[in-house]
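Heads up, the thing below is written out as C-alpha cells.
In what follows, chains are A, B, ... by sequence order, proteins preceding strands, each numbered from 1.
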There are 2 protein chains.
Amino acid sequence: MSPNKENYLKTIFELEHDHQKISNKNIADILNVSAPSVTEMLTALTKEGLVFHTPYNEISLTDAGLARARELVRKHRIWEVFLADKLHYAMADVHQAADILEHATDDRLADRLNEFLGRPKRCPHGGIIPGNSDIEDDSDITLGTLAPEDSATLQRVIDNHDFLKYFEDLQLRLGERLTVVKKEPFSGPFIVQTSDRATVAISENAAGYMFVTDVHYHTKTPDQKTE
Amino acid sequence: MSPNKENYLKTIFELEHDHQKISNKNIADILNVSAPSVTEMLTALTKEGLVFHTPYNEISLTDAGLARARELVRKHRIWEVFLADKLHYAMADVHQAADILEHATDDRLADRLNEFLGRPKRCPHGGIIPGNSDIEDDSDITLGTLAPEDSATLQRVIDNHDFLKYFEDLQLRLGERLTVVKKEPFSGPFIVQTSDRATVAISENAAGYMFVTDVHYHTKTPDQKTE
DNA sequence: GACGTTTTTTCGGACGGCCTAAAACAAGCA
DNA sequence: TGCTTGTTTTAGGCCGTCCGAAAAAACGTC
C-alpha cells in the first residue's frame, strides 16, 4: 500500500469522523489533487475492497478500509505524542511531521513507540488513540452548539495547522472547563469563561472546530442545541 | 528529492566510504533494481548535479551529492540510536527501520531528535554521526588485516542485517579490546581473545566487516598487513 | 420544469521509476 | 589477437499517480 493510497483512506476516515460531507471535491481539496485524480483513486480503492464508491453518489470505507485508516490514525497520533512530549514540538506543528512519519511506520515500530510513550490515551489535540483507549469515539459536540450559560469540558480540537495557530493564541487548555458567557449575534464570537475566570472570545468558525464533553445545558436540551 | 533518488546517493556514498568498487552492478545489487534502472537514475542525478557519471567509466558524487548523502547518513544513524537506545531494538534490526524513517525526516526533526538523544557521537554499529563528531572519518582497518598477536579496539561493524545476526552470536562488544590469537590457514577463522580472556572464532569473511582502531602491531608494520 | 452552475466522470496524455531484450563495450584469457 | 564472458547502455514498454479539457450528471433557482 503506497503512502498515497493511505492518505486517501485517512482523509475519508477523518471526514466521516468529523461529520463533514464526504465528496470528491472535499477529498481533492484536502489532498491538493485534482478531481479526476480522486475519481481514479476511488475506483482503484474500490477494486481493492477498501472503499465503497458508486458514481455520483456514495463514498464510504469498507470494513477493511476502516481498519486500515484506523491503523494510520493510530500511528499518526502516537507520533504526535512523541513529537509534542519528547521533542517539544508546538501543537500546531506536530501534525505535518506526523503525517509523513506515519507512512514510514510498521506495526512493530508503532507498538514499541507506544510502549515508550506509556500508551497514551490521547494525542496532543485531544483525539483518542485507537487501541489505547476503552472508548472508541470522541465527542462530536462542538463548542459552537452551546448556548449562553451552558458549560462543558474542552476535550479535542481539529487537527488543522491554521486553526491551531489561532488556538494557541487563545491560551485555552484541553481538559479545561468552559462556560459560555454569551454569543454575539450575526455569527459573532462566543464569549467563554475559563475555570480561572478569564474570558476569551472565540470566533464562531473556530468554535465549530472545538469539541466538548460533559456538557451541562443551562436551559435547553441537547436536541435544541442548534437554536 | 524522492526517497528513491536519496537511496541511490546514499548507496554510492557508502560504497565509497567502505572502499568498495562503485559500479553499476554493485548499486543495482544493493538497491535490488536492474542495471538499466541504475544507468537511468545515474543519468538523471548527473543532470541534477549530484552525481558525476561518464558512460562505462566513472561514478562518483559531486560535492552537492556528497552533502546530501551525508545528511541522509546523519538522519539514518540518529534514528538508529533512537531505535536502539529508546525502543530497545536489536542491533541487527535498527538498520531496516532507519532506512525508511530517514526519508521521512526533515532537518528540524533530525535536529530535535539529535538533541533529545544527547547528540550521540556514534550509531549502534559504531559509525560516526556526521555533524556530531569532531572526526569526520571512521577507521578503515578491518580485523581481517591483523596478524597473530596484534591487538586492536573494535570500533565499528558493517551495517548489514545478516552479518549483524552473526555478530550478535559472537557476543563481542564495540569498544572492546581484542587480541588475535591465531589465524587458521585456507581462509579459516580468526581466533581472537577479548579483554575478559574469552576466545572467539570469527570467520574470515566476518572479520572483513569489522573495523578496528588503536591497532598495536606485534611484529609487522601496517604496510605488510595483507601478508 | 428548464437553465445555469457546480460537481463528478471520462478521455487522452505526462512523468517517474521500474522492467526485459538486445546491442555496445570492457576485461580476461587462449 | 581474437574469443568468451561479464558489464553497461540503449530501446521500447509497463504501471502508478498526476494533470487539463471536455462530457455527463446533479443541484439550485426561478
Side-chain angles (χ1 to χ4, degrees), chain A residues 1-16 18-61 64-65 68-69 72 99-100 102-104, chain B residues 1-16 18-61 64-65 68-69 72 99-100 102-104:
Chain A
M1 161 97 11
S2 72
N4 242 304
K5 285 188 176 174
E6 291 181 339
N7 277 331
Y8 280 90
L9 290 182
K10 203 180 56 154
T11 301
I12 298 169
F13 179 82
E14 285 173 347
L15 283 176
E16 193 162 343
D18 294 341
H19 304 279
Q20 294 180 259
K21 193 177 138 213
I22 305 174
S23 69
N24 183 312
K25 188 171 193 310
N26 260 343
I27 298 170
D29 287 348
I30 290 169
L31 293 179
N32 273 308
V33 295
S34 69
S37 299
V38 174
T39 302
E40 186 178 51
M41 187 57 91
L42 291 178
T43 305
L45 289 169
T46 295
K47 205 166 293 172
E48 289 179 52
L50 297 169
V51 161
F52 182 71
H53 176 221
T54 55
Y56 295 106
N57 191 10
E58 188 188 353
I59 300 171
S60 61
L61 294 175
R68 293 271 195 140
L72 267 181
D99 242 346
I100 297 169
E102 67 190 23
H103 303 293
Chain B
M1 162 96 12
S2 72
N4 241 303
K5 286 189 175 174
E6 291 182 338
N7 277 332
Y8 279 90
L9 291 182
K10 203 180 56 155
T11 301
I12 298 169
F13 178 83
E14 285 173 346
L15 284 176
E16 194 162 344
D18 295 340
H19 304 279
Q20 294 181 259
K21 193 177 139 214
I22 303 175
S23 69
N24 184 312
K25 187 171 193 308
N26 260 342
I27 298 170
D29 287 347
I30 290 168
L31 293 179
N32 274 308
V33 296
S34 69
S37 298
V38 174
T39 302
E40 185 178 55
M41 188 55 91
L42 291 178
T43 307
L45 289 169
T46 295
K47 206 167 292 171
E48 290 179 50
L50 297 169
V51 161
F52 182 70
H53 176 220
T54 55
Y56 294 107
N57 191 9
E58 189 188 352
I59 301 170
S60 61
L61 294 175
R68 292 272 195 137
L72 265 181
D99 242 347
I100 298 169
E102 67 189 23
H103 303 293

* Asked: Do H53(A) and L45(A) have side-chain heavy atoms sitting under 4.5 Å apart?
  -> no
* **Short side-chain N/O contact to dG17(C) OP1/OP2 from S37(B), under 4.0 Å** => no
* **dC18(D) OP1/OP2 closer than 4.0 Å to side-chain N/O of S34(A)** => no
* Asked: What's the CG-P distance between N7(B) and dG17(C), to the nearest Å?
  -> 11 Å
* **Side-chain heavy atoms of L61(A) within contact of V51(A), under 4.5 Å** => yes
* Does a side-chain heavy-atom distance below 4.5 Å link N7(A) with E102(A)? -> yes
* Who are the side chain to side chain contact (heavy atoms under 4.5 Å, CB included) partners of T11(A), not counting sequence neighbours? -> L15(A), I27(A), I30(A), L31(A)
* **Rounded distance [0.5 Å steps], CG in N24(B) versus OG1 in T39(B)** => 4.0 Å
* To do: Could you check how far CG of N4(B) sits from P of dT17(D), rounded to whole Å?
  => 14 Å
* Asked: Along nucleotides 3-16 of chain C, 5' to 3', which nucleotides get a B, which get an S, and which get a -, given that the test is a protein heavy-atom distance under 4.0 Å?
  -> ----SBBB------
* **Atom-pair distance (CG on L31(A); C1' on dG16(D)), nearest Å** => 16 Å
* To do: Please examine the side chains of L50(A) and M1(A), heavy atoms only from C-beta on, and report whether any two atoms are closer than 4.5 Å.
  => yes
